[in-house]
Protein chains: 2
Amino acid sequence: MAAPKPIRTRRKMQRVTIMDVAARAELSPSTVSLYFRKPDAVSAAASEAIARAIDALDYVPNLMAGGLAAASSRVVSIIVPSVRNAFFAETVATLQDELGKHRLQVMLSHTEYREHDEESLVRTALSWTPAAVVLTGLSHSTATRRLLRDSKVPIVEIWELGSPTMDMAVGFHHDQVGQAAASHLVQRGRKRLLFLGARLHEDRRAARRAQGFVETARDAPDVTADIIQHPAPASAEVGAMLLGEALHRFPNVDGIACSNDHIALGVIFECQRRGISIPGRLSVVGFGDLSFSAAANPSLTTIRPPGDLIGKEAARLIIARIAHPDTEPERTVIDTRFNLLHRQSS
Amino acid sequence: MAAPKPIRTRRKMQRVTIMDVAARAELSPSTVSLYFRKPDAVSAAASEAIARAIDALDYVPNLMAGGLAAASSRVVSIIVPSVRNAFFAETVATLQDELGKHRLQVMLSHTEYREHDEESLVRTALSWTPAAVVLTGLSHSTATRRLLRDSKVPIVEIWELGSPTMDMAVGFHHDQVGQAAASHLVQRGRKRLLFLGARLHEDRRAARRAQGFVETARDAPDVTADIIQHPAPASAEVGAMLLGEALHRFPNVDGIACSNDHIALGVIFECQRRGISIPGRLSVVGFGDLSFSAAANPSLTTIRPPGDLIGKEAARLIIARIAHPDTEPERTVIDTRFNLLHRQSS
DNA sequence: GCTCAAGATAATAGCGCTATTATGTAGCCG
DNA sequence: CGGCTACATAATAGCGCTATTATCTTGAGC
């Protein structure tokens, strides 16, 4: 019962491999591999021959093979609620730019604010043995935490600070944002305050800003504060609607903080239409310092979250961690703070 | 000279592999692999045993190993100028959502409007043997084209139509946008037209809109048209500045088209400050229909590019192509068109 | 001239999975 | 009840690269 030698017709890819390059350069595959990984270890003559061969053959390395062999990859997986949101877009873009300088690739996923989706996204992310994982916010399921912990991959949580942190974190305290807005309005002599918020049930960070706002406001003498919200995503139209509701329910409102500048812009537009003077009768504070905020009429007082800085710092932490894979990882928390930009609307 | 048998101490990863799962489920690795790739081919009993094993071991598949073995991956590489730009953010987000439904991952890269960077980005993209590559626009270097052609990977060019197309394309004609804006203003009886543009030297598509605008405008009797531009990225502030320059150089201007809504918003704000009536003395048309445009005061007439539709259609094409890898690929060009939204500003 | 270290290059054995082929096992037919 | 098919499972050989070790080449030092 002699086992017949099976003839395998494995699809022999026509792909140009490191072996082809080596053959053409009259060197071994090892040397070509070294050329990519540690160029300094290869002689000038060999380097040139390899470069010529690569060029002639139009060689494209196979990073999956490399990653498999090295049990690592230069992929950073980023999970944000949505890149449609200008805040996260800014951070993702900055991360992308900074990581790109170190030949790290960005793999992007959205939760669309559905937190329970995060686990499967993390699972897929880990399937690529990424160099790092970036998550938005601090609330993650137990399963997600376990997955990430077991993987031993560097983790950066962005855009929110508080407890507990998994590994590294870069962001700021959203309740402090609300506090800053409230303090500002109180300082301007406002007494009847409102927080106008969009999608607070899904956007935990906005909800924390709202909470910080009312708590601080209510600590001030003779000041009252409430929250008015709308379930739709933030837009100027929602802002206009919310102002209508605010005036209806609290006719003597004189200070408004908004969950972001889209809402605030809608408030400004609606006030123009209704002939309500800003900041004469009403002070308005936004959040975001979006592209239009400084140019608005009146220009919008707002709180600027440093989306770019968050991206930069997160990238810096990742790169530093990758550079020293052996040293005991250090838990790092970076508070980027935020800026209140006082303009005409308050 | 007997060769000593070398003892390899290859780092034996502690990673849970398909073999561990197989052992626990008392099945072969092949069957476990089949369970992932073709679940229907595995018996119910086996499936259950495998599922239990996966759960117990917290198995995370290694997609790099899988991709290497299968000579393919479920990664779609997307290259856009910048995700900071709301247009591309919208498309990227939609692509991400649609592709995600089919378990396709998005790898994202930015050119930052530096077209000569595209080649190296494409090169890296191809290193992942992606399922498809999505590029913005139609102008690519010869080397980029060759790389992509040789790779035989499905390609979708988005956000611009014209010649020549590499494989599939989804977008619209930007010169037609300019034409539509010009026709609209001419119809409204405007005679002294201007196109206000930001970063036209880098943003080819905006430049084509500008060109289409002046060409169409100048065909109309008694109508004159010019372009005023600024090298900075589009923002309301730049819009305000451009309006200042426009009034200075062409005091009798009565119709303005903008390279995007940020510019247009700046124009509106600046007109408010200067007491210039819109649309009484000046008609304004934007591009983009950004979040604030409908709520502006006056609401902004603008041309809406279907960023979400572009993403949806691109995803559809990719998914269709992947589903039929054998059939001869069909060159597809989808013209999504665009909408002129007539509002108060014109 | 010989030794030895440093610098280059090469040989080898996987990384964890999939595709392909092979084998086993019922179920059905005549 | 032998043979044949359909279905389920298993065995095997890579995919293209990297990490590790081994070997070869210089050139310095004495």
Side-chain angles (χ1 to χ4, degrees), chain A residues 1-23 25-50 57 59-74 126-129 325, chain B residues 1-23 25-47 49-50 57 59-74 126-129:
Chain A
M1 217 196 248
K5 191 163 283 178
I7 293 151
R8 308 269 159 197
T9 34
R10 184 84 181 173
R11 80 260 109 156
K12 184 65 183 171
M13 288 270 73
Q14 75 296 19
R15 182 177 187 126
V16 177
T17 74
I18 205 170
M19 310 242 312
D20 301 317
V21 174
E26 300 187 304
L27 288 161
S28 73
S30 306
T31 308
V32 178
S33 174
L34 212 56
Y35 167 84
F36 284 112
R37 293 176 295 113
K38 293 170 185 167
D40 294 342
V42 178
S43 71
S47 290
E48 204 174 315
I50 293 169
L57 298 172
Y59 170 66
V60 176
N62 185 331
L63 289 180
M64 295 201 295
L68 175 60
S72 70
S73 76
R74 299 194 70 82
L126 292 178
S127 297
W128 291 97
T129 41
Chain B
M1 219 196 249
K5 191 164 282 178
I7 293 150
R8 310 269 160 197
T9 37
R10 184 85 181 171
R11 80 263 108 154
K12 184 66 186 173
M13 289 270 72
Q14 76 295 21
R15 183 179 186 124
V16 176
T17 73
I18 206 170
M19 310 241 314
D20 301 316
V21 175
E26 299 186 305
L27 288 161
S28 73
S30 305
T31 309
V32 178
S33 175
L34 213 56
Y35 167 84
F36 285 113
R37 293 176 295 114
K38 292 170 184 166
D40 294 342
V42 178
S43 72
S47 289
I50 293 170
L57 298 173
Y59 170 65
V60 176
N62 185 333
L63 289 180
M64 295 200 294
L68 175 60
S72 70
S73 76
R74 298 194 72 82
L126 292 178
S127 297
W128 290 98
T129 39

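Chain letters run A, B, ... following the sequence lines, proteins first and then strands; every chain starts at 1.
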Asker: For residues B/Ser33 and B/Ile18, determine if any side-chain heavy atom of one lies less than 4.5 Å from a side-chain heavy atom of the other.
Answerer: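 Side-chain contact under 4.5 Å: yes.
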Asker: Taking the six-membered ring for Trp, are B/Trp128 and A/Trp128 parallel (under 30°), tilted (30 to 60°) or perpendicular (over 60°)?
Answerer: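 B/Trp128 and A/Trp128: perpendicular rings.
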Asker: D/dA10, OP1 or OP2 - any side-chain N/O from B/Ser28 closer than 4.0 Å?
Answerer: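 Answer is yes, contact under 4.0 Å.
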Asker: Assign each of A/Pro29 and B/Ala65 to its nearest nucleotide of DNA chain C by heavy atoms, then name whichever residue's nucleotide is nearer the 5' end.
Answerer: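 Its nearest nucleotide lies further toward 5', so the answer is A/Pro29.
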Asker: Could you check whether B/Ser28 and B/Thr31, counting side-chain N and O atoms only, form a donor-acceptor pair closer than 3.5 Å?
Answerer: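 Present: a donor and an acceptor within the cut-off.
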Asker: According to a strict under-4.0 Å criterion, is B/Arg37 in side-chain N/O contact with OP1 or OP2 of C/dA19?
Answerer: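 Yes, because at least one side-chain N or O of B/Arg37 sits under 4.0 Å from OP1 or OP2 of C/dA19.
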Asker: Name the closest nucleotide to the A/Val42 side chain, picking from D/dG16, C/dG16, C/dT9.
Answerer: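 Nearest listed nucleotide: C/dT9.
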Asker: Report which part of the nucleic acid A/Leu63 touches: base, sugar-phosphate, or nothing (heavy-atom distance under 4.0 Å, all strands).
Answerer: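 Touches nothing.
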Asker: For the base of C/dA11, is there a side-chain donor-acceptor partner from A/Ser30 under 3.5 Å away?
Answerer: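 Under the 3.5 Å cut-off, the side chain and the base do form a donor-acceptor pair.
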Asker: Checking contacts here: which listed nucleotide (D/dT9, C/dA19, D/dT18) is nearest the side-chain heavy atoms of B/Leu34?
Answerer: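 Of D/dT9, C/dA19, D/dT18, D/dT9 is nearest to the side chain of B/Leu34.
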Asker: Please confirm whether the shortest side-chain N or O distance from B/Tyr59 to OP1 or OP2 of C/dG16 is below 4.0 Å.
Answerer: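 No, outside the criterion.
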Asker: Counting only side-chain nitrogens and oxygens, does A/Ser43 get under 4.0 Å of the OP1 or OP2 atom of C/dA8?
Answerer: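 A/Ser43 to C/dA8 OP1/OP2: no side-chain N or O under 4.0 Å.
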